[in-house]
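Here the structure comes first, spelled out in structure tokens, and everything after it is commentary.
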Amino acid sequence: MPKVVDPAQRRREVVDALFRVVIRDGLERASLRTVAAEARLNVGSVRHYFATHAELKRFAMRSMIDRVGARLHARAEAVGDGGALTREERKEVAASLFAELLPLDEARRAEVTVFLDFITAARTDPSLQDLAREAATGARSLARRVLTWLELPAGVDVELECERFTALLDGLGMNAVLYPELIGGEGCLEVLRTHLDTLLPPPPT
């Protein structure tokens, strides 16, 4: 009796294999053949689900954005409106949300590494550019939502702070992946918390 294959599960397996190849060798080496080998499938099996390399890359980038987005949404929903939280507790919640976009552990380091390769590829690959823009828009939307939730002091330009925070997250993520010996997870968190303190200084002691 032929083995029944769940198409959605098989696509996830292929995408996970692509991510492993990207982490190890870079996106430019993640061909259908190398991804098939990583997934322990033949190329024909991979082509059954992804007719072209471009289709696989797009599906993988879409999967990455959806995974991270779902995780952030779940964490934000768990917090609710935060009405009972103190200012310091709100800042810590904000830091934990933003930290989901930083390479603070093996899983998030893998995500950021893969994401950087996709974003770089999108500069010259029209098939990925709309997803890259969606990711950039989503990061700004998250920053805007969290900064508004923090109830910043009157007169603070939320849109300007949104851009500053997005640039901070991008810079931390890229440097922590490329130069982990210069800045690691604890360093990223310290920078993140310090920046939040500049927006909402701790109460005087």
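All of these numbers come straight from a predicted model, not from anything done at the bench.
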ask   = Can S45 and N42 be said to form a side chain to side chain donor-acceptor pair (under 3.5 Å), step by step?
value = CA-CA 5 Å; S45 295; N42 61 54; 3.0 Å; yes

inquiry  = Pair R24, E38 - check side-chain contact (heavy atoms from CB on, under 4.5 Å), show working.
reply    = CA-CA 11 Å; R24 186 178 63 242; E38 180 68 28; 3.0 Å; yes

request  = Salt-bridge test for E88 and K91: reply yes if a basic N is under 4.0 Å from a carboxylate O, no otherwise.
outcome  = yes

key: Test item: D117 side-chain N/O and L27 main-chain N/O as donor-acceptor pair under 3.5 Å   = yes

ask   = Would you say L97 and L199 are hydrophobically clustered, going by side-chain heavy atoms of ILVMFWY under 4.5 Å?
value = yes

key: CD (E186) with more than 12 external heavy atoms under 6.0 Å   = no

query = Are L147 and V156 co-members of a hydrophobic cluster defined by side-chain heavy atoms under 4.5 Å apart?
reply = yes

CA sep, side-chain torsions, deciding dist, call: I119, M61, side-chain contact (heavy atoms from CB on, under 4.5 Å) = CA-CA 9 Å; I119 292 300; M61 189 172 182; 3.9 Å; yes

inquiry  = Nearest 0.5 angstrom please: I65 CD1 to E111 CD, how far?
reply    = 12.0 Å

Rounded distance [0.5 Å steps], CZ in F50 versus CZ in R10 = 11.0 Å

query = So, are D130 and R133 salt-bridged, with charged N and O less than 4.0 Å apart?
reply = no

request  = Begin with the C-alpha distance, continue with both residues' side-chain angles, and end with the deciding distance and a verdict on side-chain contact (heavy atoms from CB on, under 4.5 Å) for L116 and V112.
outcome  = CA-CA 6 Å; L116 285 173; V112 177; 4.2 Å; yes

message = Do L101 and L142 make a side-chain contact, defined as non-hydrogen atoms from C-beta onward lying under 4.5 Å apart?
response = yes

inquiry  = Nearest 0.5 Å, please: how far is CG in L128 from CG in D125?
reply    = 4.0 Å

ask   = Which of these passes side-chain contact (heavy atoms from CB on, under 4.5 Å) with F98: L189, L72, L169?
value = L169

The single option from R40, R11, R67 passing salt bridge (Lys or Arg N to Asp or Glu O under 4.0 Å) against D16 = R67

inquiry  = Just so I know, are the side chains of R47 and L32 near enough to count as touching, which here means a heavy-atom distance under 4.5 Å?
reply    = yes

query = To the nearest 0.5 Å, what is the distance between CG (L196) and CG (L152)?
reply = 9.0 Å

query = Taking the six-membered ring for Trp, are F165 and H195 parallel (under 30°), tilted (30 to 60°) or perpendicular (over 60°)?
reply = perpendicular

request  = Indicate yes or no for a side-chain donor-acceptor contact from R140 to the backbone of A136 under 3.5 Å, with no hydrogens or angles considered.
outcome  = yes

message = Using a strict threshold of under 4.0 Å (side-chain N to carboxylate O), is an ion pair present between R87 and E151?
response = no

message = Could you check whether R109 pairs with E106 (Lys NZ or Arg NE/NH1/NH2 to Asp/Glu carboxylate O, under 4.0 Å)?
response = no

Side chains of R164 and D157 in contact at under 4.5 Å (non-hydrogen atoms) = no

ask   = Strictly by modelled atom types, are T194 and D197 linked by a side-chain donor-acceptor pair under 3.5 Å?
value = no

request  = Could you check if a side-chain atom of L41 sits within less than 4.5 angstrom of a side-chain atom of E13, using non-hydrogen atoms only?
outcome  = no

inquiry  = Please report the interatomic distance OG(S96) to CZ(R75), rounded to the nearest 0.5 Å.
reply    = 4.0 Å

key: V114 reachable from L104 in the ILVMFWY side-chain graph, under 4.5 Å edges   = yes

ask   = Any chain of hydrophobic side-chain contacts (each under 4.5 Å) joining V22 to M174?
value = no

ask   = Do other residues, nucleotides or ligands put more than 12 heavy atoms under 6.0 Å from the CZ atom of R33?
value = no

query = Going from CZ on F115 to CE on M64, what distance comes out if it is rounded to the nearest 0.5 angstrom?
reply = 8.5 Å

task = Evaluate the criterion salt bridge (Lys or Arg N to Asp or Glu O under 4.0 Å) for residue pair E134 and R62; output intermediate values, then yes/no.
result = CA-CA 10 Å; E134 179 183 333; R62 172 82 271 162; 2.5 Å; yes

ask   = Does E55 come within less than 4.0 Å of R58, counting only side-chain N to carboxylate O?
value = no

key: Student check: side-chain heavy atoms of P153 and L200 closer than 4.5 Å   = yes

query = Do N175 side-chain atoms and G171 backbone N/O form a donor-acceptor pair below 3.5 Å?
reply = yes

task = Heavy atoms only: give me the nearest F118-A60 pair and the separation to one decimal.
result = CZ-CB, 3.8 Å

key: Common cluster, L102/V146, ILVMFWY with side-chain heavy-atom separation under 4.5 Å   = yes

request  = Answer yes or no: is there a donor N or O on one side and an acceptor on the other, between the side chain of T34 and the main chain of R29, under 3.5 Å?
outcome  = yes

key: Minimal non-hydrogen separation, A110 against I23, with atom names   = CB-CD1, 3.4 Å

